[in-house]
Amino acid sequence: MPKIIVSYVKYVDYASTKFGRFSMYMIFIMIGTLLLGAVTRNILGIPLSWTVEMAQFTITAYYILGGPYSMQMDDHVRMDLIYGLYSDKTKAKIDVFTNIFLLVYLIVLLIGAISSTQYAIEYGQRKFSQWNPSMIPIKIIMTFGILLMILQTVSTFFKDLATSRGVSIT
């Protein structure tokens, strides 16, 4: 494989690893937020209106930023009924083909995310609730996570292409 592709794979995999490992710790933020809400509501008698929504935002960032890392580690859900019977080279050929569809889907998703983020910024979009938080931060995280997923999909495509040809990038 050309050096530029090898460098691309190296840097994208590095970024996916860093953001994925960062997002792994967000589960503790979510648990802490929900625990705070439960303690203040049930023990102190002071209900906090923002804890459930904050936990929702945190878990959303968790899975959006963790998706590319999951893909890189090959830990995503897959139907292995027939796929598991194939050799690594054949699996890579199938993955090269299916990654093209994933990429098209993610590009359409990114276009929608960018539009949604622009709307949130332009109109100061807020979630209609008692807490009334701004939607801008989670929309930016969503757009960035989808972009990172596209970059990781291309990286995975190159790795699968190399494997299908009998060579290794990493």
Side-chain angles (χ1 to χ4, degrees), residues 1-34 53-121 125 135-170:
M1 283 288 176
K3 186 174 174 121
I4 191 164
I5 291 176
V6 173
S7 294
Y8 174 85
V9 168
K10 177 181 153 190
Y11 290 118
V12 169
D13 284 358
Y14 176 79
S16 292
T17 299
K18 289 300 176 188
F19 282 106
R21 290 194 178 153
F22 167 76
S23 72
M24 287 188 325
Y25 296 106
M26 295 180 89
I27 197 79
F28 296 113
I29 296 170
M30 185 202 68
I31 291 169
T33 304
L34 290 173
E53 285 178 300
M54 187 63 190
Q56 290 172 343
F57 287 146
T58 305
I59 199 69
T60 300
Y62 168 79
Y63 69 77
I64 286 177
L65 294 176
Y69 183 61
S70 177
M71 183 177 197
Q72 177 193 357
M73 296 287 107
D74 204 22
D75 286 338
H76 53 286
V77 176
R78 173 185 283 137
M79 289 296 295
D80 281 344
L81 190 61
I82 299 172
Y83 182 85
L85 301 173
Y86 295 129
S87 69
D88 288 342
K89 213 172 184 180
T90 304
K91 287 179 186 178
K93 288 177 184 176
I94 293 169
D95 289 344
V96 164
F97 179 70
T98 58
N99 275 339
I100 294 167
F101 293 105
L102 176 60
L103 194 57
V104 169
Y105 170 74
L106 288 170
I107 289 170
V108 170
L109 206 60
L110 180 65
I111 292 167
I114 290 169
S115 172
S116 182
T117 303
Q118 287 173 334
Y119 177 87
I121 292 169
Q125 183 182 14
M135 295 299 289
I136 295 170
I138 198 64
K139 300 269 181 136
I140 290 171
I141 290 170
M142 173 185 67
T143 303
F144 177 74
I146 294 168
L147 178 63
L148 190 57
M149 188 68 174
I150 288 172
L151 296 174
Q152 185 59 50
T153 300
V154 172
S155 173
T156 302
F157 174 82
F158 287 139
K159 288 187 275 188
D160 289 334
L161 189 61
T163 302
S164 71
R165 294 179 175 177
V167 295
S168 177
I169 285 185
T170 53

Sequence neighbours excluded, the answer for side-chain hydrogen bond (donor to acceptor under 3.5 Å, both in side chains) partners of T90 is S87
Hey, is the main chain of A113 close enough, under 3.5 Å, to the side chain of S116 for a donor-acceptor pair?
no
Any side-chain heavy atom of I136 sitting closer than 4.5 Å to one from T117?
no
Would you name the heavy atoms of L65 and G145 that are closest together and state the gap between them?
CD2-CA, 4.2 Å
Heavy-atom count around L85 CG within 6.0 Å, excluding the residue itself: above 12?
yes
Do P137 and I140 come close enough that some side-chain heavy atom pair is under 4.5 Å?
no
I'd like to know if the side chain of T98 reaches the main chain of I94, judged simply by a donor and an acceptor atom lying under 3.5 Å from each other, with no hydrogens or angles considered.
yes
Looking at F158 and I169, what are the two nearest heavy atoms and their distance?
O-CD1, 3.5 Å
Just how far is it from atom OH of Y69 to atom OG of S16, taken to the nearest 0.5 Å?
10.0 Å
Mind checking side chain to side chain contact (heavy atoms under 4.5 Å, CB included) for I64 and listing every partner two or more places apart, or none if nothing turns up?
T60, M142
Taking atom types as modelled and ignoring hydrogens, do the side chains of Q72 and S155 form a donor-acceptor contact shorter than 3.5 angstrom?
no
With a 4.5 Å limit on heavy-atom distance, are the side chains of M30 and F57 in contact?
no
So which heavy atom on M54 is nearest to which on T33, and how close?
CB-CG2, 3.9 Å
Side chain to side chain contact (heavy atoms under 4.5 Å, CB included) with T163: which residues, sequence neighbours excluded?
A92
Tell me the ring pair (Phe, Tyr, Trp, His ring centres under 6.0 Å) pairs involving residues 77-100, sequence neighbours left out?
F97-F101
Atom pair OH (Y105) and CE (M149), whose distance is rounded to the nearest 0.5 Å
9.5 Å
State which residue, out of V104, T153, L106, fulfils the side-chain contact (heavy atoms from CB on, under 4.5 Å) condition with N99.
T153
Could you measure the distance from the CE atom of M26 to the OG1 atom of T58? Nearest 0.5 Å is fine.
5.5 Å
Spacing of I138 atom CD1 and T143 atom OG1 [to the nearest 0.5 Å]
10.0 Å
Min side-chain heavy-atom separation M1-V9 under 4.5 Å:
no
With rounding to the nearest 0.5 angstrom, report the CG to OG1 distance, L151 to T156.
10.5 Å
Close side-chain approach of K18 to F22, heavy-atom, < 4.5 Å:
no
Spacing of K93 atom NZ and D160 atom CG [to the nearest 0.5 Å]
12.5 Å
Is the number of heavy atoms from other residues, nucleotides or ligands under 6.0 Å of F19 CZ greater than 12?
no
Minimum heavy-atom distance R165-K89, with the two atoms named
C-CE, 4.2 Å
Sorted by first residue and then second, give each salt bridge (charged side-chain N to carboxylate O under 4.0 Å, His left out) pair with at least one member in residues 94-120; sequence neighbours left out.
R78-D95
Can you tell if the side chain of K159 reaches within under 4.5 Å of the side chain of D74, non-hydrogen atoms only?
no
Residues in side-chain hydrogen bond (donor to acceptor under 3.5 Å, both in side chains) contact with Q125, at least two apart in sequence or another chain:
K139
